[in-house]
Amino acid sequence: TVSRPMGLRGKQQQGTSRIPSQFHKEERVAMKEALKGAIQIPTVSFSPKESNTTALAEFGEYIRKVFPTVFSTSCVQHEVVGEYSHLFTVQGLDPSLQPYMLLAHFDVVPASEEDWEVPPFSGLERDGFIYGRGTLDNKNSVMAILQALELLLIRNYIPRRSFFIALGHDEEVSGMNGAQKISALLQARGIQLAFLVDEGSFIVDGFIPSLKKPFAMISVSEKGAINLMLQVNMTPGHSSAPPKETSIGILAAAVSRLEQAPMPNMFGSGSLKTTLQHLANEFPFPTNLILSNLWLFQPLVSRMMERNYVTNAMVRTTIALTMFNAGVKVNVIPSTAQATMNIRIHPAQTVQEVLELVKNIVADDRVQFHVLSAFDSLPVSPSDDQALGYQLLHQTIRSVFPEVSVVTPGICIGNTDSRHFTNLTTGIYRFNPLYLQPQDFSSVHGINEKISVQAYETQVKFIFELIQNADTYQRPVSDLHEL
Ligand SMILES: CCCCCCCCCCCCCCCC(=O)N[C@@H](Cc1ccccc1)C(=O)O
Ligand SMILES: [Zn+2]
Ligand SMILES: [Zn+2]
């Protein structure tokens with residue numbers, strides 16, 4: 001367990017003085033009201049071709065209204081990209097410092113009114129929590145980033161290091177029109193980023209049984225994915241004289257075989273192993289010893305990880321059957337049956353390897369494979385002493401969340417807009433400065449998504465600190481050792 005400061009040491013902020021992250025009562029009320037207003041705009045992405053464009057446009061008007069200083073300060077340039085996404089360029093004083101990017105998205109997944117305790121687009125405050133779709137994924141980040149910049153600018157802050165704020169409008173349906181276009185635009189301008197911070201991981205609490213303390217997980221990679229459609233075609237006919245096998249039966253047996261035969265456990269070659277080694281001393285006896293001696297206990301630990309759906313997703317490629325279609329009439333045997341699945345690829349495997357494994361499990365030539373889309377897992381970003389982005393996050397976590405004793409690299413089991421930026425940087429970090437418990441995780445894309453007012457204020461504070469920390473001239477520690 002490393003809890004001492006790593007990486008960035010030495011003098012802070014030569015010249016200008018640091019602006020304390022203290023906000024008065026009126027500012028704190030204004031910031032939570034601004035978030036509520038953002039939740040009330042139903043910026044829903046239904047599919048790559050269908051979104052609430054009226055709401056997306058309204059959101060653009062809304063941020064102009066609630067963050068007037070951001071939009072009127074001369075060191076901040078604003079552009080709309082891909083019709084609804086936003087790119088802010090904040091010009092720093094020192095062009096020799098490589099710029100970085102803060103990334104977030106303001107589209108949300110749909111929410112069915114009836115299931116919620118509080119209407120999902122009401123932004124209602126109840127018992128210290130703000131409820132609504134997007135309070136964790138990901139309007140909290142969108143608003144907190146702009147809010148932190150607004151408050152810094154009001155205090156006459158001018159950054160030393162330039163940075164970009166990119167706010168996507170279609171992350172929930174692939175990010176092709178938002179994040180992808182922003183990335184292409186910056187590439188055309190010859191920009192390279194020192195690092196990028198996006199959503200995708202949290203200060204996680206209660207996901208590993210017997211680990212009582214929360215820890216900060218910064219995701220340094222994310223899983224790949226395949227959308228795969230299996231199809232069986234057989235001769236159609238009259239249901240009164242059925243053949244021995246039908247398209248439905250053949251396909252059902254094939255997908256059942258896939259559910260019965262999970263993909264191999266890759267714990268040994270994955271980053272969850274590193275994560276657990278960082279955490280070893282946080283566990284009570286004997287788990288601390290077990291995790292410190294993975295050379296011996298790896299088989300035991302890898303099986304333990306399979307027991308929970310989230311940690312299971314971190315040790316293997318998963319297959320979720322998500323669509324199943326066949327038949328139109330009760331007395332007609334259909335010719336075609338289709339099953340679509342969403343596969344999430346462990347970083348130790350490739351698209352091709354997984355497709356081979358799936359074919360071998362299905363093992364039936366009558367089942368056709370149609371790959372609808374596929375991409376490999378993302379490259380692993382550095383998390384060593386020299387990794388500026390990782391070390392800045394680590395430093396900021398230590399100061400804003402002093403009670404969190406472990407910060408570790410991890411892997412994101414979902415996909416984020418950050419995957420469109422591999423052309424601009426190798427330092428992609430997915431971290432949302434919020435506590436997340438399993439019940440909060442279920443509310444993301446689920447029901448009763450909510451954020452506490454206090455947690456949101458802390459998120460603003462975190463970004464306020466992170467932006468100032470990024471102004472460091474400090475080179476990573478090991479460079480200093482050489483001096
Ligand atoms: C060691 C135990 C730690 C447990 C940590 C649990 C934290 C889990 C956090 C997971 C957050 C995932 C965020 C992913 C965002 C998301 O939902 N992305 C979506 C976006 C998407 C949609 C269409 C096509 C491509 C991508 C997705 O992955 O489906
Ligand atoms: Zn998201
Ligand atoms: Zn999402």
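The shown structure was predicted, so the numbers you read here are calculated from the model rather than taken from an experiment. For reference, positions follow the sequence shown, starting with 1. In each ligand, atom 1 is the first atom listed, and ligand 1 is the first ligand listed.
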Does Gln298 offer a backbone N or O that forms a donor-acceptor pair with the side chain of Ser302 under 3.5 Å?
-> yes
Do Glu199 and Asn432 have side-chain atoms, one donor and one acceptor, less than 3.5 Å apart?
-> no
Element-labelled atoms of ligand 1 that are located less than 4.0 Å from some non-hydrogen atom of Ile208 | 1 (C)
Going by the order shown, which atoms of ligand 1 are within less than 4.0 Å of some heavy atom of Gly414?
-> 14 (C), 28 (O)
Test item, Glu171 contacting ligand 1 (heavy atom, 4.0 angstrom) | yes
Have a look at the Zn ion (ligand 2) and estimate, to 10 degrees, the angle subtended by OE2 (Glu199) and OD1 (Asp137).
-> 150°
Given Phe163, which of Leu466, Leu149, Thr89 fulfils the side-chain contact (heavy atoms from CB on, under 4.5 Å) condition?
-> Leu149
Check the side chains of Gln459 and Asn140 for a donor-acceptor pair under 3.5 angstrom, ignoring hydrogens and angles.
-> yes
Would you mind checking which non-hydrogen protein atom is closest to atom 25 (C) of ligand 1, with the distance to 0.1 Å?
-> Arg419 NH2, 3.9 Å
Run through Phe88, Phe67, Phe164 and flag the one making a ring-ring contact (aromatic ring centres under 6.0 Å, His included) with His78.
-> Phe88
Nearest non-hydrogen protein atom, atom 12 (C) of ligand 1 | Cys412 SG, 4.0 Å
May I ask you to test the Leu393-Thr396 pair for a side-chain heavy-atom distance under 4.5 Å?
-> no
Please state which protein non-hydrogen atom is closest to atom 5 (C) of ligand 1 and give its distance, to 0.1 Å?
-> Val204 CG1, 3.5 Å
closest protein heavy atom to atom 23 (C) of ligand 1 is Glu172 O, 3.7 Å
Can you tell me if Asp170 uses its side chain to pair, donor with acceptor, with the backbone of Asn177 under 3.5 Å?
-> yes
Is the number of heavy atoms from other residues, nucleotides or ligands under 6.0 Å of Phe46 CZ greater than 12?
-> yes
Ligand-side contact atoms (ligand 1) for residue partner Arg344, heavy atom cut-off under 4.0 Å | 27 (C), 28 (O), 29 (O)
Under 4.0 Å from any heavy atom of His445, which atoms of ligand 1 are there?
-> 17 (O)
Where the Zn ion (ligand 3) is the centre, what is the OE2-to-NE2 angle for Glu172 and His445, rounded to 10°?
-> 110°
Atom 8 (C) of ligand 1 sits nearest the protein heavy atom Phe441 CE1, 3.7 Å
Does any N or O atom in Thr275 lie less than 3.5 angstrom from one in ligand 1, N or O only?
-> no
Pair Gln338-Asn325, side-chain donor/acceptor within less than 3.5 Å = no
For atom 6 (C) of ligand 1, closest protein heavy-atom neighbour | Val310 CG1, 3.7 Å
Is ligand 1 under 4.0 Å from a heavy atom in the side chain of Asn415, in the backbone, in both, or in neither?
-> both
Please report which non-hydrogen protein atom sits nearest to atom 11 (C) of ligand 1, along with the residue it belongs to and the distance in Å to one decimal place.
-> Gly200 O, 3.8 Å
So, do His169 and Phe59 have ring centers that fall under 6.0 Å from each other?
-> no
